[in-house]
Amino acid sequence: MHEYTSTARVWGLTCPGLPEEVSRARRWTRDILGSSPLAEDAELIASELSANAVLHTASGRELGSFHLALAVSAQVIALSVTDDGGTDGAPKVEHPDEEAVHGRGLGMVSALAHRVVVRNSDGAHTVTAELFTSPRPGPGGHPC
């Protein structure tokens with residue numbers, strides 16, 4: 001296979017924006033990844049990103065929803081959650097004080113994932129967390 005191509009399998013799930021759907025997103029991720037060594041990290045990421053969508057965006061309002069996409073290849077597991085928007089700013093890592101109840105989720109996702117990308121489109125936000133299945137080469141390095 002050419003080094004710039006890969007075969008990825010992609011799954012999608014749309015959930016109503018209800019708090020109980022966060023556990024559904026977590027189970028769905030676990031069921032797809034099975035015994036992958038990255039399954040637990042991906043499951044936690046799915047839970048955090050889904051909870052953020054429900055708690056902090058229009059996804060958690062009446063008739064709201066959020067969408068998960070999971071792409072799996074030999075090189076990477078990419079998990080994306082798209083919300084319904086409805087906030088002034090894009091999701092970002094915060095540094096709350098010790099007494100804060102919220103604000104640590106995206107920081108935890110960033111600590112677990114090898115890369116986190118936030119995209120805005122028509123007011124909605126998509127947060128994608130990537131978990132590499134093997135170490136990435138350094139600058140100028142080439143995978144062998």
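The chain is numbered in sequence order, starting from 1.
Going from atom CG of Asn52 over to atom CD of Glu48 covers 6.0 Å, rounded to the nearest 0.5 Å. Annotation: the span from Glu43 atom CD to Thr29 atom OG1 amounts to 7.5 Å, rounded to 0.5 Å. With rounding to the nearest 0.5 Å, the separation of CD1 in Ile77 from CZ in Arg9 is 13.0 Å. The structure places OG1 of Thr14 at 8.5 Å from CG of Leu68, a figure rounded to the nearest 0.5 Å. Distance CG/Leu49 to NE2/His125: 13.0 Å, rounded to 0.5 Å. For the atom pair CZ of Arg27 and CD of Glu21, the computed distance is 8.5 Å after rounding to the nearest 0.5 Å.
Side-chain atoms of Asp84 come within 3.5 Å of backbone N or O of Ser65 as a donor-acceptor pair. Of the possible donor and acceptor atoms, one in the side chain of Thr133 sits under 3.5 Å from a partner among the backbone N and O of Ala74. Of the possible polar contacts, none joining the Ser121 side chain to the Ala124 backbone as a donor-acceptor pair under 3.5 Å is found.
Of the N and O atoms on the side chains of Arg26 and Ser47, at least one donor lies less than 3.5 Å from an acceptor on the other residue. Counting only N and O atoms by type, the side chains of His67 and Thr82 include no donor and acceptor under 3.5 Å apart.
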>> For Val10 and Val72: C-alpha separation, side-chain torsions, deciding distance, then whether side chain to side chain contact (heavy atoms under 4.5 Å, CB included) applies.
In response: CA-CA 6 Å; Val10 180; Val72 179; over 6 Å; no
> Going through the distances and angles, do Leu79 and Leu70 end up as a side chain to side chain contact (heavy atoms under 4.5 Å, CB included)?
Replying inline: CA-CA 5 Å; Leu79 180 77; Leu70 181 62; 3.8 Å; yes
>> Determine whether Leu44 and Met108 satisfy the following criterion, side chain to side chain contact (heavy atoms under 4.5 Å, CB included), listing intermediate values before the conclusion.
In response: CA-CA 9 Å; Leu44 181 56; Met108 185 168 49; 4.0 Å; yes
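Heavy atoms from other residues, nucleotides or ligands lying under 6.0 Å from CD of Glu20 number more than 12.
Ala53 and Asp83 get closest at one heavy-atom pair: CB-CB, 3.8 Å. Smallest separation of non-hydrogen atoms from Ser80 and Thr128: OG-OG1, 2.6 Å. The shortest non-hydrogen separation linking Leu112 to Leu131 is O-CD2, 3.4 Å. Gly86 and Ala58 get closest at one heavy-atom pair: CA-CB, 4.2 Å. Shown here for Phe132 and Leu38, the closest heavy-atom pair between the two residues is O-CD1, 3.8 Å. The two atoms that bring Ser50 and Phe66 nearest to each other are OG-CE1, 3.4 Å, heavy atoms only.
Side-chain contact between Val116 and Val127 is present, with at least one heavy-atom pair separated by less than 4.5 Å. Looking only at side-chain heavy atoms (C-beta outward), Leu13 and Arg24 come within less than 4.5 Å of each other.
At a threshold of 4.5 Å between side-chain heavy atoms, the hydrophobic network of Ile, Leu, Val, Met, Phe, Trp and Tyr places Leu55 and Leu18 in two separate groups.
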